[in-house]
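Working notes, beginning with the structure itself.
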Amino acid sequence: MKRIETEFTKMMGIDYPIIGAPMFLISYEELAAAVSEAGGMGAIPLPNFRTTEELKKTLIKIRERTDKPIGVNIHLSGRFDWKEQLGLCLEAGVKFFISSLGDPRLILDDVHASGGRVFADVINLEQALKARERGVDGLVAVACGAGGHCGEIPTIILVPYLKSKTGLPVIAAGGISTGAQMAAAMAIGACAVVVGTRLVATTESRALTEYKKAVVQAGPEDIVCTDRITGNRATWIAKSIESFDRQPHVRSKRWREFWSAGQSVAQVDEIKSAAEVIREMVQNYHEACKRLVSSIDPGKA
Ligand SMILES: Cc1cc2nc3c(=O)[nH]c(=O)nc-3n(C[C@H](O)[C@H](O)[C@H](O)COP(=O)(O)O)c2cc1C
């Protein structure tokens, strides 16, 4: 299918500006490699791995499946041995790093020296300006309603706001499950989108089958946003957290028991392969763009 060219696809050498979200306990080699092979960019969150040996094995498995670009979410808070993680990722040819929790300056030089890019997860202008000051290459605008830890500002406001105030490339995260939604993100200035919730309900995701089914069955009204579970605002399928009794910090067991998903469950109607999701998104993107062109120039439709 026809490539979609943006600042991000050119920067990364990929066909489509679709990043498969690095999702805790969900995104491993199967999902990341499938998204990259389909022309997007798959990504894994490094907190999935308790030891560097586990990470090393996963990176090897990814490279057995694909030689295309992949990304990672790296936590720089000091809780993880980020130096060793970084070394392994660079060795495996990882070119895209989404930094969260901590100072991205710790990794900028090494990533740049290997030809990679560092984008920072941000939810507001204050965080975006701080990230720019620290020298990141771009921002991931995490909006309200996104799966996982989410922001408070809708995608449609946050993306153009951060882009105009910082001048940095901005990737939209939150509420994007279809190609038409991706076209909307491009229209407001995004150079790519991060797709999380849609990919939870794929054959390659490590979510439990009941969790995948719950994502398909849920509507946006079934999603609650609360800081009760992890201490930070995050979105959950309401039913899955009914039994939660307040605890200060979530353990990974909790993440398995409690199912995070964003409001874009609204557009998730079937468990599919990641390749199908990407293919349909791209097709739907082209159709949406054609509709827009025909609305201003019926002759060109
Ligand atoms: C179950 C789940 C786990 C997530 N875990 C992480 C994570 O570990 N690191 C990260 O950077 N983002 C994580 N996210 C957030 C995604 O990267 C992304 O910002 C979000 O899913 C985009 O919104 P969407 O779900 O509406 O597509 C997670 C999202 C979900 C649904």
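All ligand and atom numbering here is 1-based and tracks the order in the structure. Below, all heavy atoms of this structure are taken into account, side chains as well, without hydrogens, waters or symmetry copies.
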Next item on the list: Compare all side-chain heavy atoms of Arg228 with those of Ile241 and state whether any distance is below 4.5 angstrom.
Entry: yes
Note to self: I'd like to check Glu280 versus Lys272 (side-chain heavy atoms, cut-off strictly below 4.5 Å). Are they in contact?
What the structure shows: yes
For [X] versus [Y], what's the shortest heavy-atom pair and its separation?
X      : Y      : value
His149 : Val142 : O-CG1, 3.5 Å
Ser100 : Asp121 : CB-OD2, 3.9 Å
Ile123 : Ile153 : O-CD1, 4.0 Å

Next item on the list: Using modelled atom types only, decide if a donor and an acceptor are shared between the side chain of Asp222 and the backbone of Gly219 within a distance under 3.5 Å.
Entry: yes
Notebook entry, point to check: Can you tell me if Ser27 uses its side chain to pair, donor with acceptor, with the backbone of Ala21 under 3.5 Å?
Noted result: yes
Check: Counting only heavy atoms, which portion of Ser264 has something under 4.0 Å from ligand 1: side chain, backbone, both, or neither?
Finding: side chain
Using a plain distance cutoff, I'd like to know if [X] has any nitrogen or oxygen under 3.5 Å from a nitrogen or oxygen of ligand 1.
X      : answer
Gly196 : yes
Val142 : no
Ala21  : no
Phe24  : yes
Thr197 : yes

Which atoms of ligand 1 are found less than 4.0 Å from any heavy atom of [X]?
X      : answer
Ser260 : 1 (C), 31 (C)
Tyr211 : 1 (C)
Val195 : 27 (O)
Asn73  : 7 (C), 9 (N), 10 (C), 11 (O)
Gly175 : 24 (P), 26 (O)
Asp121 : 11 (O)

Any idea which of [options] brings a heavy atom closest to [atom]?
atom                    : options                      : answer
atom 7 (C) of ligand 1  : Gly20, Cys144, Ala261, Pro22 : Pro22
atom 18 (C) of ligand 1 : Val194, Leu101, Asn48        : Val194
atom 3 (C) of ligand 1  : Gln267, Gln263, Met23        : Met23

Note to self: I'd like to know if Ser100 contacts ligand 1, where contact means a heavy-atom distance under 4.0 Å to any ligand atom.
What the structure shows: no
Next item on the list: May I ask whether Pro47 has any heavy atom positioned less than 4.0 angstrom from an atom of ligand 1?
Entry: no
Check: Taking the inter-plane angle between the rings of Phe8 and Phe119 on a 0 to 90° scale, is it parallel (under 30°), tilted (30 to 60°) or perpendicular (over 60°)?
Finding: perpendicular
Check: Does the cation-pi check pass for Arg206 over Tyr28, that is, NZ or CZ under 6.0 Å from the six-membered ring centre and within 45° of its axis?
Finding: yes
Notebook entry, point to check: Would you say the side-chain atoms of Glu37 and Thr66 include a donor-acceptor pair closer than 3.5 Å?
Noted result: yes
Check: Under 3.5 Å, is there a donor-acceptor pair linking the side chains of Asp137 and His112?
Finding: yes
